[in-house]
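Notes for the one structure printed next.
By convention here, the first residue in the shown sequence is residue 1.
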Amino acid sequence: MKYVDEYRQKDIAQGILASIRALSTKRAAIMEICGSHTHSISKYGIRDVLPQTIRLISGPGCPVCVTSAGDLNRIIDFIRRERNIITATFGDMMRVPGSASSLQEEKARGSDVRVVYSPMDTLALAATHPGKEVLFIAVGFETTAPTVAATMIMARDRGIKNLSFLSLHKLTPPAMRALLDSGEVELNGFLCPGHVTAVIGAGAYRFIADDYHAPCIIAGFEPLDVLQGIHMLAAQIEAGRAAIEIQYTRVVTEEGNRKAQEVVQQVFGTADASWRGIGMIPSSGLKIRESFGAFDAEQRFALGAGSDEEPPGCSCGDIIKGVMSPYECPLFGSSCLPESPQGPCMVSSEGTCSAYYKYGRNKQ
């Protein structure tokens with residue numbers, strides 16, 4: 001299979017791994033800030049074969065996981081009050097536990113909650129149900145925002161009046177700055193997400209090298225991509241350098257996708273956003289501009305504020321920050337399982353606990 005098998009060749013992987021082992025002498029903590037990287041690292045056992053000098057830490061790379069408990073709780077409170085609402089969301093959001101319920105439980109109690117596979121699906125939903133309001137819960141990082149923005153533009157052009165969006169989008173670079181400023185985890189470099197960077201461009205991380213002297217490698221998601229990215233990080237760390245380098249050159253450029261950036265900027269401006277486990281991070285979210293206020297659920301409805309109370313015993317906040325490994329959580333693999341998740345990190349297909357459980361549950 002062209003363009004997949006080429007990046008999974010065992011002999012090449014062993015060669016890169018041998019080179020990493022020969023190169024790495026300094027202890028280094030490297031954070032992968034993307035759930036897709038976490039799953040690839042876990043699936044191919046990369047964490048286990050690296051030299052002891054290199055420690056991989058999983059960061060806040062799952063958009064469902066970083067959605068705050070407060071935001072989820074206020075959505076649930078709202079759809080309990082307003083019965084003429086169709087709530088549309090991605091499948092991973094359905095089972096995320098709030099303080100006392102989840103969207104899936106609310107659906108079972110009679111709320112009209114539906115899973116969509118693309119924001120574009122909401123256009124048909126609104127057209128099919130003109131007597132109801134359709135609310136789309138817009139979660140996701142820089143990769144999802146262009147599609148949501150394009151959907152909103154299309155809704156405006158079609159004159160759709162019964163569709164609104166609750167923008168809970170998050171931006172990656174401000175979260176990286178917040179983690180470095182917090183000092184809770186000592187980090188020596190970042191493995192940055194290839195798909196996010198394909199949109200925003202490698203230049204978006206420049207401040208991390210300049211201000212924090214931490215190297216960043218933008219890597220793809222196949223095992224050879226990840227290993228080569230770690231090799232590039234180790235080389236910088238050994239040399240005492242801090243630069244932004246692109247491993248994923250077949251997709252990522254310095255400036256990113258200008259068209260996608262323009263679409264996002266047309267619809268959204270930046271705003272402070274609340275992250276689960278981290279709290280409020282300045283300019284780390286996307287807020288719908290006034291010119292698209294007719295589609296802004298925050299303006300159209302009295303959504304109110306939700307309780308920030310986390311599910312009892314849940315450690316997702318610390319796991320998202322990289323302070324705790326899933327194996328250190330007392331609920332992991334016992335009361336918290338994929339079929340009975342106690343927090344979002346076990347629910348989401350991009351969640352850290354989901355990856356650790358699926359590929360390494362016997363290593364606790």
Side-chain angles (χ1 to χ4, degrees), residues 3-61 172 176 179-180 185-198 202 205-206 208-209 212-252 254 319 322-323 325-328 350 352 355-356 358-360 362-363:
Y3 303 124
V4 175
D5 290 349
E6 292 89 337
Y7 301 101
R8 298 179 180 179
Q9 294 185 39
K10 184 177 179 181
D11 56 337
I12 298 177
Q14 289 176 331
I16 299 174
L17 187 58
S19 183
I20 294 172
R21 288 171 175 159
L23 173 70
S24 180
T25 62
K26 298 178 180 177
R27 301 194 74 81
I30 295 169
M31 174 173 278
E32 85 270 5
I33 54 168
C34 174
S36 296
H37 275 149
T38 300
H39 276 254
S40 185
I41 288 166
S42 301
K43 179 178 180 179
Y44 294 101
I46 292 173
R47 189 177 290 104
D48 301 328
V49 295
L50 291 174
Q52 291 187 351
T53 47
I54 296 177
R55 182 165 68 101
L56 296 182
I57 300 172
S58 303
T172 306
M176 296 164 70
L179 289 171
L180 289 165
V185 183
E186 184 176 350
L187 298 173
N188 304 106
F190 288 99
L191 197 66
C192 300
H195 47 16
V196 164
T197 317
Y205 307 110
R206 190 68 55 200
I208 295 176
Y212 298 91
H213 199 69
C216 293
I217 302 296
I218 298 98
F221 302 101
E222 293 298 329
L224 293 189
D225 290 321
V226 174
L227 281 171
Q228 189 177 24
I230 293 170
H231 184 275
M232 293 167 72
L233 277 167
Q236 285 200 40
I237 292 167
E238 292 297 321
R241 294 192 301 117
I244 313 302
E245 295 178 339
I246 304 172
Q247 179 278 331
Y248 203 30
T249 53
R250 61 189 186 278
V251 174
V252 174
E254 178 72 16
I319 289 167
V323 173
S325 158
Y327 299 141
E328 297 173 297
E350 295 186 75
T352 299
Y356 279 58
K358 186 174 183 180
Y359 301 111
N362 296 324
K363 295 172 187 171

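Distance check: I12 CD1 to L17 CG gives 13.5 Å after rounding to the nearest 0.5 Å. Atom OG1 of T249 and atom CD1 of I218 lie 11.0 Å apart (nearest 0.5 Å). Taking CD of E245 as the start and CE of M232 as the end, the distance is 4.5 Å to the nearest 0.5 Å. Taking OG of S24 as the reference point, atom CD1 of I230 lies at 10.5 Å (rounded to 0.5 Å). Going from atom CD1 of I33 over to atom CD1 of I57 covers 13.0 Å, rounded to the nearest 0.5 Å. Expressed to the nearest 0.5 Å, how far CD1 of I20 lies from CG of L233 amounts to 9.5 Å.
Looking at every heavy atom in both residues, G229 comes nearest to Q247 through N-CG, 4.1 Å. Counting all heavy atoms, side chain and backbone alike, G240 lies closest to K26 at N-NZ, 4.4 Å. In terms of heavy atoms, D225 sits closest to A219 at O-CB, 4.0 Å. Here the closest heavy-atom approach between residue R241 and residue A243 is recorded as NH1-CB, 4.0 Å. The two atoms that bring S42 and R47 nearest to each other are OG-NH1, 3.6 Å, heavy atoms only. Shortest non-hydrogen contact noted between G59 and T352 is O-OG1, 4.2 Å.
Looking at E6, its side chain does come within 3.5 Å of a backbone N or O of V4 through a donor-acceptor pair. A donor-acceptor pair is defined here as one N or O able to donate and one able to accept, closer than 3.5 Å; no such pair exists between the side chain of Q228 and the backbone of I16. Y327 places a side-chain N or O within donor-acceptor distance of the main-chain N or O of G360, the cut-off being under 3.5 Å. Remark: the backbone N or O of I208 is not paired with any side-chain donor or acceptor of H213 at under 3.5 angstrom. Remark: the backbone N or O of V49 is paired with a side-chain donor or acceptor of R21 at under 3.5 angstrom.
With contacts defined as side-chain heavy-atom distances shorter than 4.5 Å, the pair I244/I217 does not qualify. You'll find the side chain of Y7 reaches within 4.5 Å of the side chain of R250, heavy atoms only. Using a 4.5 Å heavy-atom threshold, the side chains of R206 and E254 count as touching. With contacts defined as side-chain heavy-atom distances shorter than 4.5 Å, the pair Y359/I41 does not qualify.
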Carefully, step by step, assess V226 and E32 under the rule side-chain contact (heavy atoms from CB on, under 4.5 Å). CA-CA 10 Å; V226 174; E32 85 270 5; over 6 Å; no
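Annotation for R55: atom CZ does not count as buried by contact number, only 12 or fewer foreign heavy atoms lying within 6.0 Å.
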Could you give the side-chain donor-acceptor pairs of residues 185-195 under 3.5 Å, partners two or more places apart or in another chain?
unit_1 : atom_1 : unit_2 : atom_2 : d
N188   : OD1    : A29    : N      : 2.7

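When only modelled atom types and interatomic distance are considered, Y205 and T197 share a side-chain donor-acceptor pair under 3.5 Å. Using modelled atom types, one finds no donor on one side chain facing an acceptor on the other under 3.5 Å when comparing E222 with S40.
Relative orientation of the F221 and H37 rings is tilted, given thresholds of 30° and 60° on the angle between their planes.
Considering only residues two or more places apart in sequence or on other chains, H231 meets the ring pair (Phe, Tyr, Trp, His ring centres under 6.0 Å) condition with none of them.
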